[in-house]
Amino acid sequence: IIMTEEALEIFRCPVCLEYADDAVSTTCCHQVFCAACLDSLPFPRRCPICRSQGERVAYTRSVAIQRMLDQLEVDCPNCCNGGGGGGCGGGSSTSSSSSSSSPPKGIKRGELKKHLASCPKEASTCPSISCAWKGPREDMPRHLKAAHASILAARA
């Protein structure tokens, strides 16, 4: 089944306006939300859509919806939308375009956190508390060799 962008809109959380993360649906009007978005509502936690009466908006996990959302293909945020460009090598598609300005596509949304944990373009900071260096993970070895060579030599 191929879902259009228009059809996928029903899976956007009305609080954060993103596709629902840890998808839940309310028991009052069955609207899909992120669990964290509903949990962050100020007291009394009424449904943001139907304003149902009650002390707390009740919801149930939407496992089927979460599975569908986890299959969506997304771009690595470190390589797209001003995140550094050039691609990170992540993603599973085999695009015929080899342009370095075309970031990888095909990272499944459910695998994005795992990808970010090893993405070479992910923002990183120097482990030295006296160093303010920040840059992509792939540049860390070069930074350590250039800025902290004496420390590395002493530990070798």
Side-chain angles (χ1 to χ4, degrees), residues 1-129 131-140 143:
I1 296 175
I2 298 174
M3 296 205 54
T4 64
E5 286 291 323
E6 189 175 299
L8 287 170
E9 286 303 307
I10 63 171
F11 302 126
R12 284 201 186 269
C13 172
V15 176
C16 68
L17 305 178
E18 298 291 335
Y19 288 122
D21 194 28
D22 195 13
V24 298
S25 61
T26 57
T27 57
C28 49
C29 64
H30 306 287
Q31 175 66 44
V32 175
F33 291 89
C34 301
C37 287
L38 281 184
D39 289 341
S40 70
L41 294 174
F43 286 99
R45 290 185 178 149
R46 293 192 174 138
C47 176
I49 300 301
C50 70
R51 305 281 185 207
S52 70
Q53 298 299 316
E55 291 190 22
R56 185 167 186 258
V57 62
Y59 60 80
T60 58
R61 298 272 175 224
S62 297
V63 177
I65 291 172
Q66 189 62 53
R67 285 182 182 163
M68 286 175 44
L69 290 172
D70 285 349
Q71 295 304 309
L72 293 176
E73 290 187 356
V74 296
D75 296 323
C76 173
N78 297 319
C79 304
C80 306
N81 303 323
C88 64
S92 59
S93 71
T94 54
S95 173
S96 60
S97 171
S98 59
S99 169
S100 64
S101 64
S102 298
K105 295 185 187 246
I107 300 170
K108 291 189 187 257
R109 187 174 179 265
E111 298 172 1
L112 185 59
K113 287 180 185 175
K114 179 181 175 185
H115 168 77
L116 292 176
S118 62
C119 176
K121 300 286 186 186
E122 179 75 353
S124 185
T125 58
C126 183
S128 173
I129 57 173
C131 182
W133 180 86
K134 294 180 182 180
R137 180 179 286 128
E138 67 186 352
D139 290 348
M140 178 66 75
H143 162 72

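When a residue number appears, it is its place in the shown sequence, counting from 1. This is a predicted model, so every value here is computed, not measured.
In terms of heavy atoms, L69 sits closest to A20 at CD1-O, 3.4 Å. Listed here is the closest heavy atom pair of C28 and C50: SG-SG, 3.4 Å. Taking all atoms of both residues into account, the shortest heavy-atom contact from C13 to C34 is SG-N, 3.5 Å. Residue V24 comes nearest to R61 through the heavy atom pair CG1-NH1, 3.3 Å, listed as atom of the first residue, atom of the second, then distance. Smallest separation of non-hydrogen atoms from L8 and Y19: O-CE2, 3.4 Å. Heavy atoms only, all atoms of each residue included: R137 and C119 are closest at NH1-O, 2.7 Å.
Between the CG atom of L38 and the OG atom of S25 there is a distance of 9.5 Å, given to the nearest 0.5 Å. Here the straight-line distance linking atom OG1 of T60 with atom NE2 of H30 works out to 8.0 Å at 0.5 Å rounding. Taking OG1 from T27 and OH from Y59, the interatomic distance works out to 11.0 Å, rounded to the nearest 0.5 Å. L72 contributes atom CG, which lies 13.0 Å from atom CD1 of I107 (distance to the nearest 0.5 angstrom).
Side-chain contact between R12 and L17: absent, with no pair of heavy atoms (C-beta onward) separated by less than 4.5 Å. Within the 4.5 Å cutoff, no side-chain heavy atoms of P48 are placed close to those of Q31. Within the 4.5 Å cutoff, no side-chain heavy atoms of H143 are placed close to those of S124. Residues C76 and L116 meet the side-chain proximity criterion, which asks for heavy atoms closer than 4.5 Å. Annotation: side chain of K114 is not in contact with side chain of K108 (no heavy-atom distance under 4.5 Å). No side-chain heavy atom of I49 sits less than 4.5 Å from a side-chain heavy atom of T26.
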Review point. So V57 and R46, side-chain contact (heavy atoms from CB on, under 4.5 Å) or not? Walk me through it.
Key: CA-CA 5 Å; V57 62; R46 293 192 174 138; 5.9 Å; no
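Dense packing is recorded around CD of E9, with more than 12 heavy atoms of other residues, nucleotides or ligands lying under 6.0 Å away.
Q66 contributes a side-chain N or O that, together with a main-chain N or O of D22, makes up a donor-acceptor pair within less than 3.5 Å.
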